[in-house]
Amino acid sequence: MQALSPNPTTTNPLIKPPQLGRTTPPRHLPIRPISAFHGGIGVGATRADWQSTCATISGNNSASSSIDDDNDSKSSSVNGHPSFDLVPVSGGNATADDGATTTTITKSNLPKPLSTDLSPPPMHGSTLRVAYQGVPGAYSEAAAGKAYPGCDAIPCDQFEVAFQAVELWIADRAVLPVENSLGGSIHRNYDLLLRHRLHIVGEVQLPVHHCLLALPGVRKEYLARVISHPQALSQCEHTLTALGLNITREAVDDTAGAAEYVAVNGLRDTAAIASSRAAQLYGLQILANGIQDDPGNVTRFVMLAREPIIPRTDRPFKTSIVFATHDNMVVKGTSSLFKVLSAFAFRNISLTKIESRPHRNRPIRLVDDANVGTAKHFEYMFYVDFEASLAETRAQNALAEVQEFTSFLRVLGSYPMDVSLVSLPF
């Protein structure tokens, strides 16, 4: 099978951009080598040490812009995350006056997310380090805890940073969302699965339970706006209206980041949609609990590692692949895809997902046709999940047949299915 993936990003020193909410520059610790740690380097023995250094990686994230999300039209930031026009984070503590009492909201001492400037890897302890996108209190953090109970969850400010953290031995695993039962696929992570060389080693499903959060003492009638991730806002639209909240909705990159932003800035006219854990972490009150419009709101996460696991047959397995059809089959369109999918159908292998993404390197192909002249066709990469282990003969034979009709085929992972019942909070 061929492989289509650029080389892992090389490390280049970067000047770290200013971080919102930081009043002093990060403390740079002396770097010392670690023997027998896969060529890694260490900074300090504690998690706080290596998280605070944030001093080198990758500067070559220019490729990221070629697969950026379509809705990245943002001008300011929340906790380092781009957002719409929000009040900037103040440099000191925010004080909220509630009439009779005064509540002081101090800056969180929770770990800040890794950015594109990643710190050197820490001295490895016994606790598994798991990277996730967001800040503490994010649903991804909860998914990391469900996938690896007792792990050391490492926040990252971008999906790609989580990939890089594993590739550079800063984290042992990454847990990232790939689809939501209401919002559909997270296309960014599908593109990154192809770009990077990590392997899917498991999956976990997490019910999403949204809450309306505000500063202590704030009532709903005080609110002028609500901020959260775009999908969280859309998933709570009808409930917000039913609550009589005719307020402005503004999108940010992270639900928990929205909660932190409200707390740090003492915004008494602003609410956040986030988890109940985010309310506990950032000292917010829950104005309304379970405000998602559909109770069956579940996000599927994949667990990523540097090395694949050995497929087995003693429990249900799922296999994820990505492929492109032969160039000479582009004109035939669905017929080529039908031949690929038939390889699974003839062997009674169930498909659980199929996703198409435009071919980044060859987005459009010109096709000559004597009848209609020159036509333009998009070229696609197809992502497929099927219920079978690569240890099974039928799965091996299916992929051997698929190779006959594809110009590129890559196995992203063969891993245990999450067959646990997803308990919704209703």
Side-chain angles (χ1 to χ4, degrees), residues 1-9 62-70 159-160 163 167 176 178-179 184-201 203 300 302 304 308 311 317-347 349-369 374-390 394-415:
M1 288 181 283
Q2 300 176 356
L4 180 63
S5 177
N7 294 327
T9 308
S62 57
S64 303
S65 60
S66 62
I67 318 181
D68 281 341
D69 297 334
D70 295 333
F159 289 129
E160 183 150 21
F163 277 85
E167 288 177 330
L176 297 171
V178 289
E179 60 180 325
S185 299
I186 291 88
H187 294 140
R188 179 65 172 167
N189 282 335
Y190 276 97
D191 294 332
L192 291 173
L193 281 171
L194 182 60
R195 177 184 301 171
H196 292 271
R197 272 300 192 176
L198 299 184
H199 302 269
I200 303 176
V201 296
E203 66 174 0
R300 175 176 168 250
V302 292
L304 303 175
F317 258 64
K318 181 183 292 184
T319 301
S320 297
I321 64 173
V322 57
F323 62 87
T325 55
H326 279 306
D327 294 342
N328 59 5
M329 291 187 178
V330 173
V331 183
K332 297 180 181 179
T334 56
S335 64
S336 60
L337 181 59
F338 172 79
K339 292 178 180 178
V340 171
L341 300 182
S342 295
F344 300 103
F346 292 156
R347 294 171 176 84
I349 297 177
S350 298
L351 302 185
T352 59
K353 184 173 180 62
I354 179 168
E355 180 79 25
S356 63
R357 295 291 293 151
H359 197 309
R360 183 167 61 91
N361 295 328
R362 293 184 300 180
I364 293 180
R365 170 170 294 277
L366 300 179
V367 181
D368 291 328
D369 190 311
T374 301
K376 292 182 178 180
H377 296 270
F378 277 98
E379 290 198 16
Y380 292 95
M381 307 295 292
F382 295 95
Y383 294 80
V384 169
D385 294 343
F386 60 88
E387 294 183 350
S389 168
L390 280 187
R394 59 172 184 157
Q396 298 169 9
N397 292 338
L399 291 186
E401 184 175 338
V402 167
Q403 273 194 294
E404 299 178 13
F405 307 109
T406 57
S407 59
F408 160 71
L409 173 63
R410 176 175 156 193
V411 176
L412 298 173
S414 188
Y415 49 92

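- Between Glu203 and Val178, every side-chain heavy-atom pair lies at or beyond the 4.5 Å cut-off.
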Can Leu390 and Leu399 be said to form a side-chain contact (heavy atoms from CB on, under 4.5 Å), step by step?
CA-CA 9 Å; Leu390 280 187; Leu399 291 186; 3.4 Å; yes
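- Side-chain contact between Val302 and Leu412: absent, with no pair of heavy atoms (C-beta onward) separated by less than 4.5 Å.
- Taking CZ from Phe408 and OG1 from Thr325, the interatomic distance works out to 12.5 Å, rounded to the nearest 0.5 Å.
- A 4.5 Å side-chain heavy-atom check between Leu341 and Phe405 finds every atom pair outside the cut-off.
- With values rounded to the nearest 0.5 angstrom, Glu401 atom CD is found 14.5 Å from Gln396 atom CD.
- Summarising the geometry, atom CZ belonging to Arg410 is positioned 14.5 Å from atom CZ belonging to Phe323; distances are rounded to the nearest 0.5 Å.
- Using a 4.5 Å heavy-atom threshold, the side chains of Leu193 and Leu176 count as separate.
- In this structure, Thr319 and Ala388 approach most closely via the heavy-atom pair OG1-O, 2.7 Å.
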Quick one: do Tyr380 and Leu337 satisfy side-chain contact (heavy atoms from CB on, under 4.5 Å)? Show the steps, please.
CA-CA 11 Å; Tyr380 292 95; Leu337 181 59; over 6 Å; no
Between Ile200 and Leu304, is a side-chain contact (heavy atoms from CB on, under 4.5 Å) present by the stated rule, with each step listed?
CA-CA 5 Å; Ile200 303 176; Leu304 303 175; 3.7 Å; yes
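- In this structure, OG1 in Thr406 is found 9.5 Å from CE in Met381, a value given to the nearest 0.5 Å.
- A salt bridge links Glu355 to Lys353: one of the charged nitrogens lies within less than 4.0 Å of a carboxylate oxygen.
- Taking the six-membered ring where the residue is Trp, Tyr383 and Tyr190 present perpendicular rings, their angle passing 60° and hence far from 30°.
- Taking a cutoff of 4.0 Å between a charged side-chain nitrogen and a carboxylate oxygen, Arg188 and Glu160 qualify as a salt bridge.
- With a 4.5 Å cut-off on side-chain heavy atoms, Phe382 and Val340 do not count as touching.
- Residues Ser389 and Ala395 share a closest heavy-atom pair of O-CB, 3.3 Å.
- Atom OG1 of Thr352 sits about 5.5 Å away from atom CD of Glu387, to the nearest 0.5 Å.
- Between atom NE2 of residue His187 and atom OG of residue Ser356 there is a gap of 8.0 Å, rounded to the nearest 0.5 Å.
- Within the 4.5 Å cutoff, side-chain heavy atoms of Phe344 are placed close to those of Val402.
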